[in-house]
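See structure below.
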Amino acid sequence: MLGNEIHKLAQRLWGINRSITGDGVRDTLKILKGLMPSLAMHEVPTGTKAFDWTIPKEWKVNDAYLISPSGKKICSFKENNLHLVGYSIPIRKTIDLSELQANLYSLPSQPTAIPYITSYYKEHWGFCLSQQQRDSLEDGLYEVFIDSELFDGSLTYGEIFIKGQSDTEIFISTYICHPSMANNELSGPVVTTFLANWLASRTSNRYSYRFVFLPETIGSITYLSKHKDQLKSKVFAGFNVTCVGDNRDYSYLPSRSGDTISDAVSKHVLKHIHPSYKSYKWTDRGSDERQYCSPGIDLPIASIMRTKYGAYDEYHTSLDDLINVVTPEGLDGGFTALKAAIEVLEENRYPKVEVFCEPQLGKRGLYPSLSTKSSADEVKLMMDLISLSDGNKSMLDIADICDVPVWDLYPIIKKLTEHQLLSLHDEPSQL
């Protein structure tokens, strides 16, 4: 099962302290580049304007912890990178527990979980810990130690371009800015890596593919500020890849318009691999589709997920792990769903029948010699396909009308084109 290999990659990346800038992002991309040699890394300097935003200072952490009144080291960054509030400023002082409490974060409703907290754009410091640990803190003076740096550096992102027969592009984006969390971070880039390698291994792709690995929000805004016009002219479909690693559910989040080819393909694939999938509204958005589908950008980006961000209890906590949440089976399912969606986009054409009235199938050996229920169903689907192949309906349209997965049509269409009963076209015929 491919999911085992994807899970191993997630394990390699697990301990890296990723944020919206810094060496954690670079180290992650370097590991991915070892699997995808064509991955290009780009740096955007601090202070660079990106639409209404500005690239922030780069953040680096050397160490961080608290020393309790009894001399015990707790909330150690090196033990769990979630213990430190993201983008914490450097500090070293001794304060009483009553004062320290204002800079501690925990979740009373999830007493064993360490929450994920950040403060990217306002100077702040803090530590995150489980409610159980917080309740056990002893009164007295605590030494606060945060050895961090905020400096003029850069934001880093990665990009891969796979040239296809057409200059028309499919755009696939994932993010690499969260520390040690599994579904809402690592599942996206690891599944996307295997998708990119699968596409690169194919002898011929109909479309070109552009993959980006970037920090969420500020990364996608930065990328769009540099490439908006090119993307708007080239991209006809795409996916934001996140939360594709658990084995609990499948989910779909639409583009802003909800009527793009990406939306149609997502719904079709999920209907036929997991009919009870959850369908969300645009107002449920929360990842980089917010930028890609924003007014004036309007890229056709949808999301196929396993369990959506914010819809599972472990989200944005230390409980979002590679044991109980993200599994090889879950990753395999996420990869398979996205791969199926890409295959639908690659195969989807407009079939047109080349004879008047129904063709005589028997003389071409296309009619079964024995009549069984299964053969009757196959013939009916073949005749339905022929009757709907007017050159103005796509294979996806026809599959939806026939209520079958479009991949069930592929072998039938292959037979019919070999016998010159159908022709395939990239665009619909003129009415």
Practice task
Decide yes or no for K73 and K78: does some side-chain heavy atom of the first lie under 4.5 Å from some side-chain heavy atom of the second?
Solution key: no
Practice task
Taking the side chain as every heavy atom from C-beta outward, state whether L9 and F194 have any atom pair closer than 4.5 Å.
Solution key: yes
Exercise for the section: Assess whether atom NZ of K33 is packed by more than 12 heavy atoms of other residues, nucleotides or ligands within 6.0 Å. Expected result: yes
Problem - T21 side chain to W59 backbone, donor-acceptor under 3.5 Å - result: yes
Exercise for the section: Inspect the surroundings of NZ in K49 and state if more than 12 heavy atoms from other residues, nucleotides or ligands are less than 6.0 Å away. Expected result: yes
Exercise for the section: Identify the heavy atoms of A113 and T317 that sit nearest to each other, and give their distance. Expected result: CB-CB, 3.9 Å
Problem - From L299 atom CG to K232 atom NZ, the distance as rounded to the nearest 0.5 Å - result: 6.5 Å
Problem - Main-chain N/O of G296 paired to D298 side chain as donor or acceptor, under 3.5 Å - result: yes
Completion exercise
In short, Y280 meets A311 closest at the heavy-atom pair OH-CB, 3.7 Å
Exercise for the section: Answer yes or no: are there more than 12 heavy-atom neighbours, outside D52 itself, under 6.0 Å from its atom CG? Expected result: no
Practice task
Starting at CG of N184, measure out to CG of D246 and round the result to the nearest 0.5 Å.
Solution key: 11.0 Å
Practice task
Salt-bridge test for R248 and E314: reply yes if a basic N is under 4.0 Å from a carboxylate O, no otherwise.
Solution key: yes
Problem - Sub-4.5 Å side-chain heavy-atom contact between V190 and T193 - result: no
Handout entry: Other residues, nucleotides, ligands: >12 heavy atoms within 6.0 Å of K163 NZ
Key = yes
Practice task
Check whether any side-chain N or O of T417 sits under 3.5 Å from a backbone N or O of Q420 as a donor-acceptor pair, and report yes or no.
Solution key: no
Exercise for the section: Run the salt-bridge test on D390 and K352 with the 4.0 Å N-O cut-off and return the result as yes or no. Expected result: no
Exercise for the section: Count the heavy atoms of every other residue, nucleotide or ligand shown that sit under 6.0 Å from CD of E123, and state whether that count exceeds 12. Expected result: no
